[in-house]
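The structure presented is a predicted model; accordingly, all values stated were derived computationally and were not measured.
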Amino acid sequence: MARTRFTVTTTADAATVAVTGDLDLSSTARLQERLDEEISLRPAALIIDLTAVGFCSSGGLSVLVTAVTNAHAGGIACAVIASQRAVVRPIKLLLLDRVLPVHPDRADAEEWLSLVARLR
């Protein structure tokens, strides 16, 4: 069983929380804590990078929706990077792509966040 890891990188433009491994019952609470902590620091933007996630449970999806909602409530633009079928497919099937700003790669997410920043 692979252990899920979270790596946080912060720049002047955004805080990035990169997840490696599976988002399942054993890791979703830790992810929620990590995302809450980053949101409390009020970064210019928050990027949740799921490109190295192999599985995402319904609990993981719930954490993502909560984090994006909390970020927006705090005036923080938020983007999710996901390209793995195991993550993108359930998001689309559950129509969560209507509330989760999902992007296929970092360049697309950064471009979108730049546009959001100009609109504010």
Side-chain angles (χ1 to χ4, degrees):
M1 181 162 87
R3 181 160 169 84
T4 303
R5 291 182 319 216
F6 309 112
T7 305
V8 178
T9 308
T10 305
T11 66
D13 297 325
T16 301
V17 177
V19 182
T20 303
D22 294 337
L23 286 178
D24 56 20
L25 186 60
S26 68
S27 61
T28 52
R30 290 185 301 125
L31 177 60
Q32 184 69 59
E33 289 173 11
R34 171 53 51 204
L35 292 172
D36 287 347
E37 183 176 331
E38 290 309 311
I39 292 167
S40 74
L41 296 173
R42 308 226 2 102
L46 177 64
I47 298 172
I48 305 169
D49 186 345
L50 305 177
T51 56
V53 170
F55 172 78
C56 186
S57 70
S58 60
L61 296 175
S62 178
V63 167
L64 294 175
V65 170
T66 299
V68 169
T69 301
N70 290 344
H72 288 184
I76 302 166
C78 186
V80 177
I81 303 172
S83 57
Q84 296 282 14
R85 177 182 166 100
V87 178
V88 175
R89 188 162 191 257
I91 287 173
K92 289 185 177 184
L93 284 173
L94 296 169
L95 303 177
L96 294 176
D97 52 341
R98 294 179 180 181
V99 294
L100 292 175
V102 179
H103 304 274
D105 55 45
R106 184 168 191 89
D108 191 68
E110 288 176 345
E111 181 179 340
W112 183 79
L113 288 169
S114 174
L115 176 63
V116 170
R118 285 186 294 217
L119 295 174
R120 289 187 174 190

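Residues passing the side chain to side chain contact (heavy atoms under 4.5 Å, CB included) test with Leu115 are Arg118, Leu119, sequence neighbours excluded.
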Would you list the atom pairs, donor with acceptor, under 3.5 Å between side chains in residues 34-53 and any protein atom, with sequence neighbours excluded?
{"unit_1": "Arg34", "atom_1": "NH1", "unit_2": "Glu38", "atom_2": "OE2", "d": "3.0"}
{"unit_1": "Asp36", "atom_1": "OD1", "unit_2": "Gln32", "atom_2": "NE2", "d": "2.9"}
{"unit_1": "Ser40", "atom_1": "OG", "unit_2": "Glu37", "atom_2": "O", "d": "2.6"}
{"unit_1": "Arg42", "atom_1": "NH1", "unit_2": "Gly74", "atom_2": "O", "d": "2.4"}
{"unit_1": "Arg42", "atom_1": "NH2", "unit_2": "Gly74", "atom_2": "O", "d": "3.1"}
{"unit_1": "Asp49", "atom_1": "OD1", "unit_2": "Thr51", "atom_2": "N", "d": "3.0"}
{"unit_1": "Asp49", "atom_1": "OD1", "unit_2": "Thr51", "atom_2": "OG1", "d": "2.8"}

Identify every side-chain donor-acceptor pair in residues 99-111 under 3.5 Å, counting partners at least two apart or on other chains, and give the distances.
{"unit_1": "His103", "atom_1": "ND1", "unit_2": "Asp108", "atom_2": "OD2", "d": "2.7"}
{"unit_1": "His103", "atom_1": "NE2", "unit_2": "Pro101", "atom_2": "O", "d": "3.4"}
{"unit_1": "Asp105", "atom_1": "OD1", "unit_2": "Ala107", "atom_2": "N", "d": "3.3"}
{"unit_1": "Asp105", "atom_1": "OD1", "unit_2": "Asp108", "atom_2": "N", "d": "2.8"}
{"unit_1": "Arg106", "atom_1": "NE", "unit_2": "Glu110", "atom_2": "OE2", "d": "2.9"}
{"unit_1": "Arg106", "atom_1": "NH1", "unit_2": "Thr16", "atom_2": "OG1", "d": "3.3"}
{"unit_1": "Arg106", "atom_1": "NH2", "unit_2": "Thr16", "atom_2": "OG1", "d": "3.0"}

Under 3.5 Å, which donor-acceptor pairs link side chains of residues 57-69 to any protein atom two or more places apart or in another chain?
{"unit_1": "Ser57", "atom_1": "OG", "unit_2": "Leu23", "atom_2": "O", "d": "3.2"}
{"unit_1": "Ser57", "atom_1": "OG", "unit_2": "Gly59", "atom_2": "N", "d": "3.3"}
{"unit_1": "Ser57", "atom_1": "OG", "unit_2": "Gly60", "atom_2": "N", "d": "3.2"}
{"unit_1": "Thr66", "atom_1": "OG1", "unit_2": "Ser62", "atom_2": "O", "d": "3.0"}
{"unit_1": "Thr69", "atom_1": "OG1", "unit_2": "Val65", "atom_2": "O", "d": "2.7"}

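In terms of hydrophobic clustering, with Ile, Leu, Val, Met, Phe, Trp and Tyr side chains grouped at heavy-atom distances under 4.5 Å, Val19 and Val87 are assigned to a common cluster. Follow the hydrophobic side-chain contacts under 4.5 Å out from Leu31 and you reach Ile91 in the same cluster. Note: the hydrophobic cluster containing Leu113 does not contain Val8 (ILVMFWY, side chain heavy atoms under 4.5 Å, direct or indirect links).
Within the structure, ring-ring contact (aromatic ring centres under 6.0 Å, His included) pairs that include any residue of residues 5-58 do not occur (at least two apart or interchain). Here ring-ring contact (aromatic ring centres under 6.0 Å, His included) pairs that include residues 14-44, with residues two or more places apart or in two chains, number zero. Contacts classified as ring-ring contact (aromatic ring centres under 6.0 Å, His included) and involving residues 8-32 (residues at least two apart or in different chains) are not found. The stretch residues 82-100 participates, sequence neighbours left out, in no side-chain hydrogen bond (donor to acceptor under 3.5 Å, both in side chains) pair at all.
The line from OG1 of Thr4 to CG of Asp24 is 5.5 Å long, rounded to the nearest 0.5 Å.
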